[in-house]
Novice: 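Before I ask anything, here is the structure I am working with.
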Amino acid sequence: YTTTFFYYYRECKQTGRSTDRNRLNVIIVITIIIIMVNHEYQDESPTSATGRQRTVIRGERTIGYSIVEAERQVDRSTAVVIFYPLSGCARAISNMKLDGYRCSVISVDRPLCGATSDFEVEQEEVASLVSGGCCHSRTNNGNGGSDSNMSMSQVPPNQQDRQFLQRINVHAQDVLEVLNAERVKSVYIVGVCIGHPYAVQVCRQLLISEEMSPSNTNTDSSGIQLCGLTLVAPFISTVCPCSWRVARLGAFVPSAVLYASTEAMLSLASFLVPRVVSGNTLKKLVSPEEAEYGGWMEEDYEDACQILLQCMEASQNARGVEARLGVSKIWQTHVCDKFAVESRCGLVLQEALKDENPKNVVSEPSIPIRIHASSQDKLASLSSIEWIAKRCYGNVSIQVEEEIHSHEVMTFFGGPPCNPVLLHKIVQKWGLGQ
């Protein structure tokens, strides 16, 4: 119709005829209607299973994220949100294929990563997080009462720890903004490595701590239902005595020294990794058994290398703060411990772990929780994951992936970027796959 309007107008000019205003108005109105209908159709129609980069505006900040939609997805209101390592770069899912999925997969860039803006530290918000967090916190004391101090560190957090808390909380709010923008109503959370505390904080914001519904469904004010939490090789905080030794060493380093050392190491890595990492390099990290389990092909190693380099480039401004956040103890006491109370898992402190019948355990978690680990993982050791499962997650049984031998392959969900076999397994257990 736009073309018709152009030629009609040009013909009238060339022939000297006067234009019929009524006809022009009809053409213009029909063109506008077609544009609006076509836009609505594109927004609601099924799309191919390729990752798409999107942004959403929240206040004065921009939030970047990736979404992969299943080809045959009928219900577009269900999504799996993945919280990745590599500073939380959403491009990690860009080549993912969702054959047989009945849900979307979303990953949101954390602040300073990809298209997501940084945030200003709000002292009032940080103070709220330190004192009570996003939900009212209660710890069961075995007699139906509560002890609000049992889940919190007695040492007031320093300024850096306060910023870490707000970073985690801001990202959680960013994720909820994305879910609302995508009209998601049912969400399943997956936390991978250092994505662990971010995933748990989103769960906290979706939980209703005061009153749980009889059907164990948890809905926030925007109508988003939290359906489950799965952790894959979760990074364990330095509160744990058997967590990663390097992180525990970093916890005792003064903040200024830690800042300088992490920035120096990451700058060196930014220079060396693009020159050293290749498909052949990644191939050496994947054992023959892992390659068979994940279905790795020759071209998959080059694909994984490209994804890795893209994520490193997109997250170069966030890697330093992510490394320092990893060694902080604050997110254990102010995120994971509080989630243990709010989700009815029951917080089991270190002194209670030795008891045969700990008083601090509550019966049934309000949401399904699953944990996947590798017995040969050196960074997220099985003993440390058992520690966090007992302390915060109702001592759920840990699914040990015997076919996966390293932390790196665990963070790839056992397979190449286009075929994350462990994620397929997780989605199948949730009933979201064929």
Side-chain angles (χ1 to χ4, degrees), residues 48-53 65-73 78-109 187-196 198-199 228-235 279 282-283 285-287 289-311 370-374 377 379-380 399-434:
S48 62
T50 56
R52 293 186 295 172
Q53 308 294 319
Y65 65 101
S66 294
I67 179 170
V68 183
E69 297 167 322
E71 291 181 349
R72 299 180 181 179
Q73 181 181 349
T78 302
V80 172
V81 180
I82 302 178
F83 297 80
Y84 270 101
L86 292 173
S87 304
C89 183
R91 298 185 186 184
I93 69 171
S94 58
N95 288 4
M96 192 176 289
K97 295 180 181 178
L98 307 183
D99 297 336
Y101 277 43
R102 296 199 298 270
C103 62
S104 302
V105 173
I106 298 173
S107 184
V108 182
D109 287 323
V187 64
Y188 297 79
I189 303 297
V190 179
V192 185
C193 190
I194 194 60
H196 170 201
Y198 293 97
L229 168 66
T230 295
L231 300 175
V232 177
F235 188 86
L282 292 181
K283 188 174 182 180
L285 298 176
V286 182
S287 68
E289 186 178 1
E290 289 172 325
E292 181 180 358
Y293 171 75
W296 288 80
M297 308 295 289
E298 288 296 327
E299 60 272 15
D300 291 330
Y301 297 103
E302 291 295 336
D303 181 33
C305 179
Q306 293 302 316
I307 293 290
L308 175 63
L309 295 177
Q310 290 176 13
C311 289
R370 299 188 179 101
I371 303 177
H372 294 259
S374 169
D377 193 330
L379 195 149
Q399 177 65 47
V400 179
E401 306 297 332
E402 298 293 352
E403 299 86 353
I404 303 177
H405 305 154
S406 67
H407 184 76
E408 292 77 13
V409 178
M410 281 293 291
T411 60
F412 273 101
F413 289 106
C418 64
N419 184 34
V421 291
L422 181 54
L423 180 63
H424 300 336
K425 181 179 177 180
I426 293 169
V427 169
Q428 188 73 30
K429 284 187 176 180
W430 280 336
L432 300 176
Q434 293 182 351

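FYI, side chains are in, hydrogens and waters are out, and symmetry mates aren't considered; it's all heavy atoms of this structure.
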Novice: Considering only heavy atoms from C-beta outward, does the side chain of N95 approach that of I307 to under 4.5 Å?
Specialist: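 A side-chain contact under 4.5 Å exists here.
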
Novice: A side-chain contact here means heavy atoms from C-beta on lying under 4.5 Å apart; do I93 and Y84 qualify?
Specialist: yes

Novice: Hey, does the side chain of S374 reach the backbone of I404 with a donor-acceptor pair shorter than 3.5 angstrom?
Specialist: yes

Novice: Partners of H424 by ring pair (Phe, Tyr, Trp, His ring centres under 6.0 Å), sequence neighbours excluded?
Specialist: Y101

Novice: Could you list the residues that satisfy salt bridge (Lys or Arg N to Asp or Glu O under 4.0 Å) with E298, not counting sequence neighbours?
Specialist: K283

Novice: Determine whether V105 and I67 make a side-chain contact, defined as any pair of heavy atoms from C-beta on separated by less than 4.5 Å.
Specialist: no

Novice: Quick one: are I106 and V80 in side-chain contact, heavy atoms under 4.5 Å?
Specialist: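 Not touching, per the 4.5 Å side-chain cut-off.
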
Novice: For the pair H407 and C193, evaluate side chain to side chain contact (heavy atoms under 4.5 Å, CB included) and give the outcome as yes or no after the intermediate values.
Specialist: CA-CA 9 Å; H407 184 76; C193 190; 3.2 Å; yes

Novice: Looking only at heavy atoms, which two atoms of Y293 and G414 are closest? And how far apart?
Specialist: CD2-O, 4.1 Å

Novice: Please indicate whether E292 has more than 12 foreign heavy atoms, meaning atoms of other residues, nucleotides or ligands, lying under 6.0 Å from its CD.
Specialist: no

Novice: Going by the rule ring pair (Phe, Tyr, Trp, His ring centres under 6.0 Å), which residues pair with Y65 if we only count those two or more places apart in sequence or in a different chain?
Specialist: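 Y65 satisfies ring pair (Phe, Tyr, Trp, His ring centres under 6.0 Å) with no other residue.
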
Novice: Hey, mind stepping through I426 and R370 against side chain to side chain contact (heavy atoms under 4.5 Å, CB included) and telling me if it holds?
Specialist: CA-CA 9 Å; I426 293 169; R370 299 188 179 101; 6.0 Å; no

Novice: Are any of the side-chain heavy atoms of Q306 and L308 separated by less than 4.5 Å?
Specialist: no

Novice: List for me each residue that meets ring pair (Phe, Tyr, Trp, His ring centres under 6.0 Å) alongside F83, sequence neighbours excluded, and say none if there are none.
Specialist: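 Per chain and number, F83 pairs via ring pair (Phe, Tyr, Trp, His ring centres under 6.0 Å) with H171.
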
Novice: Run the side chain to side chain donor-acceptor pair (under 3.5 Å) test on H372 and Q399 for me, step by step, so that the C-alpha distance in whole Å, both residues' side-chain angles and the decisive distance to 0.1 Å come before the verdict.
Specialist: CA-CA 5 Å; H372 294 259; Q399 177 65 47; 5.6 Å; no

Novice: Using a 3.5 Å distance criterion without hydrogens, assess whether the side chain of S66 forms a donor-acceptor pair with backbone atoms of A90.
Specialist: yes

Novice: Do L379 and F235 come close enough that some side-chain heavy atom pair is under 4.5 Å?
Specialist: yes

Novice: Give me the one residue out of P416, C418, P420 that meets side-chain contact (heavy atoms from CB on, under 4.5 Å) with M96.
Specialist: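 Result for side-chain contact (heavy atoms from CB on, under 4.5 Å) with M96: P420.
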
Novice: I would like to know whether V190 and V232 meet side chain to side chain contact (heavy atoms under 4.5 Å, CB included); could you show each step before the answer?
Specialist: CA-CA 7 Å; V190 179; V232 177; 4.2 Å; yes

Novice: Between the main-chain N or O of D300 and the side-chain N or O of D303, is there a donor-acceptor pair closer than 3.5 Å?
Specialist: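 Side chain of D303 to backbone of D300, a donor-acceptor pair under 3.5 Å: no, none is there.
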
Novice: Sequence neighbours excluded, which residues qualify as side-chain contact (heavy atoms from CB on, under 4.5 Å) partners of S406?
Specialist: E290, E408, V409

Novice: Are the side chain of N419 and the backbone of V421 linked by a donor-acceptor contact shorter than 3.5 Å?
Specialist: no

Novice: Taking ring pair (Phe, Tyr, Trp, His ring centres under 6.0 Å) as the test, write out the residues that go with Y301, two or more places apart.
Specialist: W296

Novice: Could you walk me through whether L229 and Y188 pass the side chain to side chain contact (heavy atoms under 4.5 Å, CB included) check?
Specialist: CA-CA 6 Å; L229 168 66; Y188 297 79; over 6 Å; no

